[in-house]
Amino acid sequence: MESIGVLLVAQVIPYLEQELNKRYNLYRIWDFPQKSQFLIQHGASIRAVVGRSTAGADSELIDALPKLEIISSSSVGVDQIDVKKCKERGIRVTITPDVLTDEVADLAIGLILSLLRRISECDRFVRNGNWKHQLTTKFSGKTVGIVGLGRIGTAIAKRAEGFNCSICYYSRTQKQESKYKYYPNVVELASNCDILVVACSLTEETHHIINREVINALGPKGFLINIGRGKHVDEPELVSALLEGRLGGAGLDVFENEPHVPEELLSLENVVLLPHCGSGTIETRTAMADLVLGNLEAHFLGKPLLTPLV
Ligand SMILES: O=CC(=O)O
């Protein structure tokens, strides 16, 4: 397999990069300052692309790789991949579902606790030599509204139940098997919960699903948690709602234009800001890497893919 050309389009954990390098003829896109030059020289030898949540393969890249057979992404989201084009061209797409569900759900609960109990802020007090006691907000028993009751949304709901929270949700269609209260639109969900958690995938329909109306419905005592994608939220609207006190607070693992974080958020104490690290544990990133490697191996040996999307 050493002769198979594989293009790595994003930095991944060293283990994955080393394994890819051992097994394939690996090209790292960042080694070539002129991407267009790289594509002219090597585009025709690339049979696989490996990406992650921050970079995949858009239509332009796919067009420049005539021999591309498979895109193996170390992520559950595919918003960086032109999936429609892959279907048209018969290019397989694999992702890393399930192995990261617990991690992302754990982080959502961590964000909720940090935001409501102001754990990050209190830590900053103590580090600065202050011993300030302030009253915060209780999490146990609150109503948690979840946008998108898929694998991750369900795992968050289960964890929140452990805090005696009432759970409600919005998704495109009501889940008949779910015991949680369903709202047919996000504004109604936001009006009826204390903490709104965004856990759906990013599609054209869910782009800016959290808009001014939703934020206002959540209100000055409401909290927004986003562990999905930055583009789920109309970020300028979120920033002005926080500055104007129309929203109680926000816990954000993702931003609209990563790694850019709106300047205004940096000085607010009612926000917790994380660098898109939902699945970022050694255990989970290693499991994701193994799935990427396993999918590539299966493909090139002509075996069934482990976690195919397309
Ligand atoms: O953001 C993380 C993922 O899509 O896996």
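The residues of the chain are indexed from 1 along the displayed sequence. When a ligand or atom number is given, it counts from 1 through the structure's own listing order.
Electrostatic pairing of K158 and D102 does not count as a salt bridge here, judged by no charged N lying under 4.0 Å from a carboxylate O. Classification of E60 and K35 as a salt-bridged pair fails, no side-chain N sitting under 4.0 Å from a carboxylate O.
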Side chains of residues 265-278: which donor-acceptor partners sit under 3.5 Å, not counting sequence neighbours?
from	atom 1	to	atom 2	distance (Å)
S267	OG	E264	O	3.4
E269	OE1	R124	NH2	2.6
N270	ND2	G248	O	3.1
H276	ND1	E258	OE1	2.9
H276	ND1	E258	OE2	3.3

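Residues meeting the ring pair (Phe, Tyr, Trp, His ring centres under 6.0 Å) test with F125, sequence neighbours left out: none. With sequence neighbours left out, the side chain to side chain contact (heavy atoms under 4.5 Å, CB included) criterion links S201 to T203.
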One line per pair, note the atom names and distance for all nitrogen or oxygen contacts under 3.5 Å between ligand 1 and the protein.
from	atom 1	to	atom 2	distance (Å)
ligand 1	1 (O)	R229	NH1	2.7
ligand 1	1 (O)	H276	NE2	2.7
ligand 1	4 (O)	V76	N	3.2
ligand 1	4 (O)	G77	N	2.9
ligand 1	4 (O)	R229	NH2	2.7
ligand 1	5 (O)	V76	N	2.8

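Remark: the backbone N or O of S171 is paired with a side-chain donor or acceptor of Y182 at under 3.5 angstrom.
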